[in-house]
Amino acid sequence: MDARELAGTIDHTLLKPDATAAQVLKLCDEAKRYRFASVCVNPSRIALAAKALEGSGVTPCCVVGFPFGAIPSESKAAETAVAVRNGAREVDMVIDIGAAKDGDWDYVQADIAAVKAACGDLAKLKVIIEACLLTDEEKVKACLAAKAAGADFVKTSTGYSKSGATVEDVALMRSTVGPDMGVKAAGGIHTRAEALAMLEAGANRLGASSGIAIVSE
């Protein structure tokens, strides 16, 4: 895979709480130069990113319920609606991890569905299951809930928990959702070799703050 093709799988990401407007604009400039798939930022920065990316072909992406997912569905849906109104065309939401650990899969699915409805026809939805906190059985059930709710992707991690993406989790998620749904690996991907391993395992999108280093190797 050449550098341009690899870049097209990467969400160029800056989710630090102290990210400045200047840093977000730099991220957008980098994404346009390297032709990354998207720029992924916090909700307060999505309007800025969307304006900077206008006409570039790089998708403005925003996280919702980040990083813990532990807010009511109504709040997630409202946050999503604002993000979409401000230009988000992809939304990366965090599931209610506590509800998943409770085994309340009806709630988990309804939570995802509420955000999907708020995305409407304008934004694709990626569902972060925070795989490092789930058993394999829970990972499978979380992926199935996301698929049943109409999500476009399942995603491994926020990058803010105890570990990030693993090849094993990506392979399990891909085998669970089948060939037609997206799988995004995120968290701890720093090198070209790591990126290619995730793609080989079944990911078709990568979340990384080290995108330039990855494609420049």
Original post:
Is there a side-chain contact between Thr156 and Ile129, using heavy atoms and a 4.5 Å cut-off?
Top reply: no
Subject >> Exam field: side chain Asp96 to backbone Gly98, donor-acceptor pair closer than 3.5 Å >> reply: yes
Original post:
Counting N and O atoms only, with roles assigned by atom type, does the side chain of Arg45 sit under 3.5 Å from a partner on the main chain of Ala19, one being a donor and the other an acceptor?
Top reply: yes
**OP:** May I ask you to say whether Asp136 pairs ionically with Lys139, meaning some side-chain N is under 4.0 Å from a carboxylate O?
**Re:** yes
Original post:
Looking at side-chain heavy atoms only, is the closest gap between Glu79 and Pro43 below 4.5 Å?
Top reply: yes
Original post:
Can you name the closest pair of heavy atoms from Val84 and Ala118 and give their distance?
Top reply: CG2-O, 4.2 Å
Original post:
Is the side chain of Arg174 donor-acceptor paired with the backbone N or O of Gly178 at a distance under 3.5 Å, no angle test?
Top reply: yes
Original post:
What are the two closest heavy atoms between Val115 and Lys76, and how far apart are they?
Top reply: CG2-CB, 3.7 Å
Original post:
Do other residues, nucleotides or ligands put more than 12 heavy atoms under 6.0 Å from the CG atom of Asp121?
Top reply: no
Subject >> Note, Tyr107 side chain near Asp102 side chain (heavy atom, < 4.5 Å) >> reply: no
Original post:
If you take all heavy atoms of Tyr160 and Pro17, which pair is closest and at what distance?
Top reply: OH-CD, 4.2 Å
**OP:** For atom NZ of Lys16, decide whether the heavy atoms of other residues, nucleotides or ligands shown that lie under 6.0 angstrom number more than 12.
**Re:** no
**OP:** Could you tell me whether Lys126 and Asp152 make a salt bridge, using a distance below 4.0 angstrom between a side-chain N and a carboxylate O?
**Re:** no
Original post:
Would you call Leu14 and Ser209 a side-chain contact if the rule is heavy atoms closer than 4.5 Å?
Top reply: no
**OP:** For the residue pair Leu144 and Val140, establish whether any side-chain heavy-atom pair is separated by less than 4.5 Å.
**Re:** yes
**OP:** Evaluate the criterion side-chain contact (heavy atoms from CB on, under 4.5 Å) for residue pair Ile10 and Tyr34; output intermediate values, then yes/no.
**Re:** CA-CA 10 Å; Ile10 293 174; Tyr34 288 91; over 6 Å; no
Subject >> His190 backbone acceptor or donor facing Glu194 side chain under 3.5 Å >> reply: yes
Original post:
When you look at NZ of Lys124, are more than 12 heavy atoms from neighbouring residues, nucleotides or ligands closer to it than 6.0 Å?
Top reply: no
**OP:** Measure from the side-chain N and O atoms of Thr13 to the backbone N and O of Asp11, and report whether any donor-acceptor pair falls under 3.5 Å.
**Re:** yes
Subject >> Working for side-chain contact (heavy atoms from CB on, under 4.5 Å), residues Thr191 and Glu217 >> reply: CA-CA 8 Å; Thr191 68; Glu217 281 187 41; 3.4 Å; yes
Original post:
Do side-chain atoms of Ser210 reach the backbone of Ala213 as a donor and acceptor pair under 3.5 angstrom?
Top reply: no
Original post:
Any side-chain heavy-atom pair from Glu90 and Leu125 closer than 4.5 angstrom?
Top reply: no
Report, one line per pair, each donor and acceptor closer than 3.5 Å where one atom sits in a side chain of residues 50-69; sequence neighbours left out.
unit_1, atom_1, unit_2, atom_2, d
Ser56, OG, Leu53, O, 2.6
Ser56, OG, Val58, N, 3.1

Subject >> Side chain to side chain, Asn86 and Leu48, heavy atoms closer than 4.5 Å >> reply: no
**OP:** Indicate whether any N or O donor in one side chain lies under 3.5 Å from an N or O acceptor in the other, for Ser73 and Asp111.
**Re:** yes
**OP:** Measure from the side-chain N and O atoms of Asn204 to the backbone N and O of Val183, and report whether any donor-acceptor pair falls under 3.5 Å.
**Re:** yes
**OP:** Look at the side-chain heavy atoms of Ile, Leu, Val, Met, Phe, Trp and Tyr, link any pair under 4.5 Å apart, and say whether Leu133 and Val108 land in one connected group.
**Re:** yes
Subject >> Shortest non-hydrogen contact from Ala100 toward Leu134 >> reply: CB-CD2, 4.2 Å
**OP:** Taking the side chain as every heavy atom from C-beta outward, state whether Leu122 and Arg89 have any pair of such atoms under 4.5 Å apart.
**Re:** yes
Original post:
Around Gln23, counting heavy atoms of other residues, nucleotides and ligands shown, do more than 12 lie under 6.0 Å from its CD?
Top reply: yes
Original post:
If you look at every heavy atom in Val170 and Met198, which pair is closest and at what distance?
Top reply: CG1-O, 3.7 Å
Original post:
Can you check whether Lys184's main-chain N or O pairs, donor with acceptor, with Arg205's side chain at less than 3.5 Å?
Top reply: no
Original post:
Is there a donor-acceptor contact under 3.5 Å linking the side chains of Glu130 and Thr158?
Top reply: yes
